[in-house]
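All remarks here apply to the structure that follows.
Since we're looking at a predicted model, the values are computed, not measured.
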Amino acid sequence: MMANGMDTVVQQNGGATLGQASQEESKTNLIVNYLPQSMTQDEIRSLFSSIGEVESCKLIRDKLTGQSLGYGFVNYHRPEDAEKAINTLNGLRLQNKTIKVSYARPSSEAIKGANLYVSGLPKNMTQQDLENLFSPYGRIITSRILCDNITGLSKGVGFIRFDQRVEAERAIQELNGTIPKGSSEPITVKFANNPSNNNKAIPPLAYLAPQATRRYGGPIHHPTGRFRYIPLSPLSSTGKAMLAINKGLQRYSPLAGDLLANSMLPGNAMNGSGWCIFVYNLAPETEENVLWQLFGPFGAVQSVKVIRDLQTNKCKGFGFVTMTNYDEAVVAIQSLNGYTLGNRVLQVSFKTNKSKAA
DNA sequence: TGCGATT
């Protein structure tokens with residue numbers, strides 16, 4: 001039912017190395033990394049509220065510029081919602097990013113300044129190699145090797161974030177200036193630039209991929225081109241729902257008559273802010289995360305809504321997605337209209353005002 | 001077939 005040659009399944013662990021269950025009271029608080037630059041706190045809240053009731057939500061911003069640092073925290077009331085959020089939202093593609101959702105560690109001084117910058121790495125060293133090299137000195141939270149955008153080859157530079165600063169300090173002492181086996185050049189290991197200290201226009205190294213870097217470390221997954229939408233991420237919690245392409249790739253042809261016409265109907269699509277999109281033929285068990293996964297890759301999504309029967313709580317077969325930018329909405333519609341989701345062919349268009357005669 | 005009643 002899957003294995004259509006065009007299906008793309010993203011193996012989503014990004015090499016993250018968290019694993020221990022030895023955490024204490026962090027069963028409701030999540031850290032969300034690799035958020036799209038433009039994503040607002042409200043949009044984050046909207047996304048995570050699709051899982052369960054959110055107690056609090058905080059997008060971390062640059063103290064001076066107010067710009068998003070690309071990560072934030074979401075605290076749920078219920079631990080089971082937090083767990084579900086990890087299961088269904090981790091690896092979600094939003095615009096040019098793939099977000100990471102994991103339990104937040106308890107905030108403390110000891111975990112700050114535990115990020116290391118490593119250079120002089122042999123070009124053939126993998127992320128796993130890097131972790132193996134550093135793992136003797138502590139618990140690795142994240143690791144990453146920077147790759148050339150075009151060639152995908154290692155730049156010989158990477159980052160290691162330890163759980164504790166003391167672990168990072170020890171790794172510096174033990175590894176700085178040493179020559180990895182099989183290499184000829186010594187590596188440099190030092191503390192990474194701390195975004196909060198450097199008030200320069202230096203992007204926060206630990207969390208935000210630089211603008212030019214469209215890629216994150218890990219295996220060379222091919223980021224999907226904007227006009228070549230390859231649905232992915234088998235919808236974890238909901239089960240199967242493997243997305244498949246059943247339709248030729250479409251190009252965005254400007255001024256596709258119907259699209260434009262519909263979107264301009266009075267009082268319809270553009271309600272205050274954003275363009276509302278109607279999605280029809282959703283399965284009864286559809287949840288919000290399905291809509292996020294479908295539309296997220298195309299651009300800024302403000303909100304999604306699955307319409308449910310009040311008695312059965314099952315989806316009534318349709319839903320709505322509000323996107324910020326017209327262009328992105330058009331591409332999303334043209335790309336998703338006619339796609340097969342499960343065994344259903346979706347119909348996607350700008351929302352019109354059918355019933356509800358104001 | 002179809003276009004949000006839980007702020």
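- Rounded to a whole Å, the CZ atom of A:Phe278 is 10 Å from the C1' atom of B:dT1.
- For A:Phe191 and A:Tyr117, the ring centers are positioned 6.0 Å apart or more.
- The CG atom of A:Asn337 sits 17 Å away from the P atom of B:dC3 (whole-angstrom rounding).
- In summary, the aromatic rings of A:Phe350 and A:Tyr326 are positioned with their centroids under 6.0 Å apart.
- With ring centers used as reference points, A:Tyr34 lies 6.0 Å or more from A:Tyr71.
- Looking only at distances, no side-chain donor or acceptor of A:Glu43 sits under 3.5 Å from a matching main-chain atom of A:Ala300.
- Put simply, CZ on A:Arg45 is 13 Å from C1' on B:dT7, counting in whole angstrom units.
- For the pair A:Asn353 CG and B:dA5 P, the computed distance is 15 Å after rounding to whole Å.
- Residues from residues 307-316 of chain A lying near DNA chain B, meaning a heavy-atom separation below 4.0 Å, are A:Ile307, A:Leu310 in numerical order.
- When ring centroids are compared, A:Phe278 and A:Phe318 come within the 6.0 Å threshold.
- Counting non-hydrogen atoms under 4.0 angstrom, A:Phe320 reaches a base of the nucleic acid.
- A:Asn132 is linked by a side chain to side chain donor-acceptor pair (under 3.5 Å) to A:Gln128, counting only residues two or more places apart in sequence or in another chain.
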